[in-house]
Amino acid sequence: MKKEKDAKGHSDLVADWERLFRVFIRPEGRASRATLIKYMDPILYGLNDFLKTHVGITEAISLKELSKGFTDTTINDHPEKKLADVITCLINEIAPYAVNVASPYFVGHMTSAIPFFMVHLKTIIAALNQNVVKLETSKVLSVVEKQVVAKIHRMIYNQKESFYREHVQNTDTTLGVFVEGGTTANLTAMWAARNAKFPPKDGFSGIESEGVAAAYHAYDVDRCVILVSRRGHYSLRKAGGVLGIGNKNVIALDTDKKNRIDLSCLKRTIDTLKREIPKTCILAIVGIAGATETGTVDPLEKLARICAENNTHFHVDAAWGGPTLFSQKYKHLLKGIHLADSVTIDGHKQFYMPMSCGMLYLKDPKTLDVIAYHANYVNRQGSVDLGIKTLSGSREANSLILDCALKIMGKKGYALLIDHGIETAAAFAKEIKRRKLFELVTPPVLNILTYRICPPAIRKKLETADIAEQREINKTLNTVNRRLQRIQREAGVSFVSRTTLLQDNNPDDAIVVLRSVIMNPMTTIAILNDILDEQEKIFTEQLKGLLE
Ligand SMILES: Cc1ncc(COP(=O)(O)O)c(C=O)c1O
């Protein structure tokens, strides 16, 4: 290949076989090695300091400004940069504008600091590049996955030793699957629940093969519904859409004063459906163990009883709260989770794994038989190929990261993190209550809470106001809290998120709240006080006028 100048004026870099082989077999020269060591050494040995130094002055430049530098849509014919230059560019031009989610002042989302060893493990996973869709590209990783799945299954369901002996490496049964995240885990659970409700029978080969219309016809059904509280994650609505049920049939039920599913509303809804629309099939009832917005937990034992009475799949979305089971002090908060037919847990949330890792666990190891797929070249009948019963095809060996993390942390290590989160959130709630300017809107059950700026005079007004006046006041408060959150975020020192909590089905009654998720072990009550101080200052200096 001849050296030539390309559109961007680079002339010394060419794509040729010699260079190509070097990319696969040997690193580039000394300069690139020195650059790699310069940056990888701090990432591998001083991650926290590295992130502090290089990442996260996100608001120094607006996204609009930033995006102006990312408009070139051409790909060079020849190499544009050497590896050393690419890495230098990543560190200097990308990392500073990413978000330092590891900062202890970043308490707004379910993404936080991860232990440094996770980066090492992720690197090894990438280096091995196993594909656990099938045994032929993963071998030992497939059996490791079955083992770690059984470990977490035991944490949830605590079956007898003989049960785990029978299933841990059984190629016919599945105690759980690794997926990309909570969304895919919830979708998989609803997929299995749907297929189980419409199995093959005389003249009908099952919903998976014939589709929803034929299934409804064969079973004399008009519609399927999924019941979950208003606090349910929107991934369930996606599942309703993808599975052909229709996302409006994922019915959001009222919550009680503690943001848990209102059981009387659930019972009423079931009765109404049975009495007035008898051709409705209740596909699943979903309990939440750690609601995204409020961290609250539904009464799982009672939900299990209602599901059993109605012969309905009981799914628990514990994407967030699942690892609470590690804590001897707080595992009672998830009482009844072992009664669920299926449980979602995210690895990239409170297992502190890097993106992206979700999991689905099944009480009955045959549950996923109804979603099995085979192909001639892969996922053969009776093989250990893990792709037989997963939505994903090719996927990385994330289970190895979890297995190693469990060995490095132990149950107690994870329990300490859980306890810290719950107890720091409780202390934060106390502080919010103590400060007159704030109103604690949803007290923490786990480690998530919501609150808002609501000065005492306004609170007093709200107490005596009629509904129309309350709505007006809340509208102004919503503006104040929305702006406050944005100003604080743009200042770039700390971050709490915001959400809009619907009190009922009327959007006029929605209130905007600030949301804190306390999962970073380095987040202390002193830091949370700093965040409240900053919010008070922003309110006093910039927003107070809106309420006068
Ligand atoms: C309760 C709950 N379920 C499901 C999900 C979806 O998980 P993911 O974003 O990993 O797909 C989330 C994410 O926040 C969640 O909080």
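One-based numbering, in listed order, for ligands and for the atoms of each. Computed from a prediction, not measured in an experiment: that's the story for all the values here.
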Worksheet entry | More than 12 heavy atoms from other groups under 6.0 Å of NZ on Lys302 | no
Fill in: Distance-only donor-acceptor check, side chains Ser497 and Arg515, under 3.5 Å
yes
Just list the N/O pairs, ligand 1 to protein, that are under 3.5 Å apart, with the distance for each.
from     : atom 1 : to     : atom 2 : distance (Å)
ligand 1 : 3 (N)  : Asp317 : OD1    : 3.1
ligand 1 : 3 (N)  : Asp317 : OD2    : 2.6
ligand 1 : 7 (O)  : Gly182 : N      : 3.3
ligand 1 : 7 (O)  : Asp346 : OD2    : 3.3
ligand 1 : 7 (O)  : Lys349 : NZ     : 3.2
ligand 1 : 10 (O) : Gly182 : N      : 2.9
ligand 1 : 10 (O) : Asp346 : OD2    : 2.8
ligand 1 : 10 (O) : His348 : NE2    : 2.8
ligand 1 : 10 (O) : Lys349 : NZ     : 3.4
ligand 1 : 11 (O) : Gly182 : N      : 3.3
ligand 1 : 11 (O) : Thr183 : N      : 2.8
ligand 1 : 11 (O) : Thr183 : OG1    : 2.6
ligand 1 : 14 (O) : Lys349 : NZ     : 3.3
ligand 1 : 16 (O) : Thr292 : OG1    : 2.8

Discussion item. Any carboxylate oxygen within less than 4.0 angstrom of a Lys/Arg side-chain nitrogen, looking at Glu180 and Arg395?
Written reply: no
Worksheet item: Which pairs with one or both residues in residues 403-412 pass salt bridge (Lys or Arg N to Asp or Glu O under 4.0 Å), sequence neighbours excluded?
Response: Lys151-Asp403, Asp403-Lys407
Discussion item. Atom NZ of residue position Lys366 - does it have more than 12 heavy atoms of other residues, nucleotides or ligands inside 6.0 Å?
Written reply: yes
Response to the item:
Of all heavy-atom pairs linking Lys146 and Val168, the shortest is CB-O, 3.2 Å
